[in-house]
Amino acid sequence: MDVRFWGTRGSLAKPGSTTLRYGGNTSCVEVRASDGTLIVLDCGTGAHGLGHALMAAGRPACSGHLMISHTHWDHIQGFPFFAPLFIPGNAWEIYAPGALGRQLEQTLAGQMEYSYFPVTLAQLGATIRFHDLAEGSFTAGPVRIVTQYLNHPALTLGYRLESGGVVVVYSADHEPHAPDPAARDDAPMHAEDRRHVDFLANADLVIHDAQYTLAEYPQKIGWGHTPAEWAVDYAIAAGAKRLALFHHDPFRDDDAVDRLVQVCRRRAGAAGSALEIFGAAENEQLHLLESDADDRKIDAPLRPSMKAGPLTILVADDDPTIVRLLTLALEPDGFRVVTANDGQTALDRARAERPALILLDWQMPGADGIEVTRALRRERDPALREVPVVLITAQSGADNTATGFTAGVTDYLTKPFRVAHVRARVQAWLLRSRAGGARA
Ligand SMILES: [Zn+2]
Ligand SMILES: [Zn+2]
């Protein structure tokens, strides 16, 4: 597999004399499989350069697969400027996480409405097929692609590409689930962080969000990004060979990226790891040698199932402000919200309504969140035994976290939370539990 970086910046394009070496364009990575299959990861402003390089190479007839992590601007602003999309005869498969309600095609068409752009989506010359994805796997040419939700204030997927024994994982825009994801004797890793490490397992190259430094992170909690030092911890825990620090903060000039790379290398060295670390730089190319092992294995459905009417979410909290905040956050996405303000009522309402998702306060009168979860997991009705249960908590103590997971809690929502984050996580919890539809 050949990998080339066309845009490595996060949040905002940052051209100028201080970003010349690592580049100012936003997320876009080209991956070329051994048979020539073209995969483009994200379509930030870097896609403009990639499109022109493809045309200049005398290949106006170029088709490929565009995989979008999420539709924040820095990941799609190059889309209307990606030249191959304008050429009749080209065919592009475009993939992105499909939310329950709003589809990829509408979102991309939105940024090409007349107020924003002179050409509409419908006027693009190439044949374009849209694929709304959930978690699962599919193939593009010889490449097996596995998707997994990342933790970000928009529904976001990471992409794991496997071909001929080579693994490349693209994990842009992800925040650790626990405030300190490293596993220690006194603090086991959060189950969701463990899942993230498994997603990166044994990769030859991990391209990972490294927007912040550890020193900056306390001011940026909840913004949806990883401190570079923890990207190192993830990559080491996953047994990865190389780590590309990616999604550089617009404030981080070239010299600051150099310093961050040095900090990360020292951290890996201190851990006795041979992990190779570099700052992803625009135009940088890597060749990853494939063996001919055919490791393709398709094991899970991909298309989110959207057929059901409005889904019901039960919110149980004795704090009316939290109940109101969550209701206001969820109703605009078309969910029906039912509420309770103590544990016993929560259990009764769960039995009566059989909701698709339950958000439970940890501390409630009657029965607390853990007791309600244990009771649900003992029910005869599989809809209650298996419903995703998310505990709302102000605590982040590792002991408590472990207690919750043992009781059958699916995940945690830690206060204070941001509405955008809740909306994205709710989509991920629901889509993950509902995977089971047809393959894309
Ligand atoms: Zn981003
Ligand atoms: Zn983002």
Side-chain angles (χ1 to χ4, degrees), residues 5-15 19 22-30 40-50 66-82 94-99 102 104 107-108 110-111 132-133 147-159 169-177 196 199 206-213 216-217 219-228 230-231 234 243-252 257 260 279-282 333 417-428 431:
F5 295 99
W6 291 91
T8 62
R9 191 65 47 182
S11 306
L12 180 73
K14 188 71 179 178
T19 57
Y22 289 100
N25 281 301
T26 63
S27 302
C28 182
V29 180
E30 173 190 7
V40 178
L41 297 164
D42 272 334
C43 212
T45 62
H48 180 257
L50 168 59
L66 169 59
M67 298 175 193
I68 294 174
S69 61
H70 64 307
T71 52
H72 279 164
W73 275 344
D74 53 322
H75 299 258
I76 59 167
Q77 272 186 329
F79 182 80
F81 297 92
F82 186 53
I94 304 185
Y95 311 80
R102 189 168 171 85
L104 170 64
T107 307
L108 290 177
Q111 78 157 351
D132 290 291
L133 302 181
T147 55
Q148 186 163 299
Y149 291 119
L150 302 179
N151 189 30
H152 195 59
L155 191 63
T156 303
L157 281 173
Y159 293 94
V169 181
Y170 180 74
S171 170
D173 295 46
H174 174 74
E175 177 162 0
H177 291 266
H196 184 66
F199 185 60
V206 172
I207 302 167
H208 204 286
D209 186 340
Q211 178 136 355
Y212 304 133
T213 67
E216 292 162 350
Y217 183 59
Q219 273 70 53
K220 308 286 187 181
I221 289 172
W223 291 37
H225 298 289
T226 303
W230 288 352
Y234 282 146
L243 170 66
L245 304 180
F246 187 76
H247 208 269
H248 308 304
D249 192 274
F251 285 115
R252 193 131 15 248
V257 177
L260 188 53
E282 216 167 291
D333 286 333
F417 46 75
R418 296 164 72 218
V419 166
H421 186 245
V422 173
R423 289 174 67 172
R425 292 302 295 158
V426 161
Q427 295 273 346
L431 287 163

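Every number for a ligand or one of its atoms is a count from 1 in the order of the listing. Everything numeric here is computed off the predicted structure, so don't read it as measured data.
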query = About how large, to 10 degrees, is the angle NE2 of His152, then the Zn ion (ligand 2), then NE2 of His70?
reply = 100°
So, does [X] use its side chain to make a donor-acceptor pair with the main chain of [Y] at under 3.5 Å?
X      : Y      : answer
Thr26  : Thr45  : yes
Asp132 : Leu104 : yes
Asp249 : Phe251 : yes

query = Among His75, His174, His247, which residue meets the ring-ring contact (aromatic ring centres under 6.0 Å, His included) test with His70?
reply =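 Looking at His75, His174, His247, the match for His70 under the ring-ring contact (aromatic ring centres under 6.0 Å, His included) is His75.
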Vertex the Zn ion (ligand 1), arms to His75 NE2 and His247 NE2, rounded to 10° = 110°
query = Angle at the Zn ion (ligand 1) between OD2 of Asp74 and OD2 of Asp173, to 10°?
reply =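 My answer is 170°, to the nearest 10°.
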Which atom of His72 approaches the Zn ion (ligand 2) most closely (N/O/S) =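 Relative to the Zn ion (ligand 2), the closest nitrogen, oxygen or sulfur of His72 carries the name ND1.
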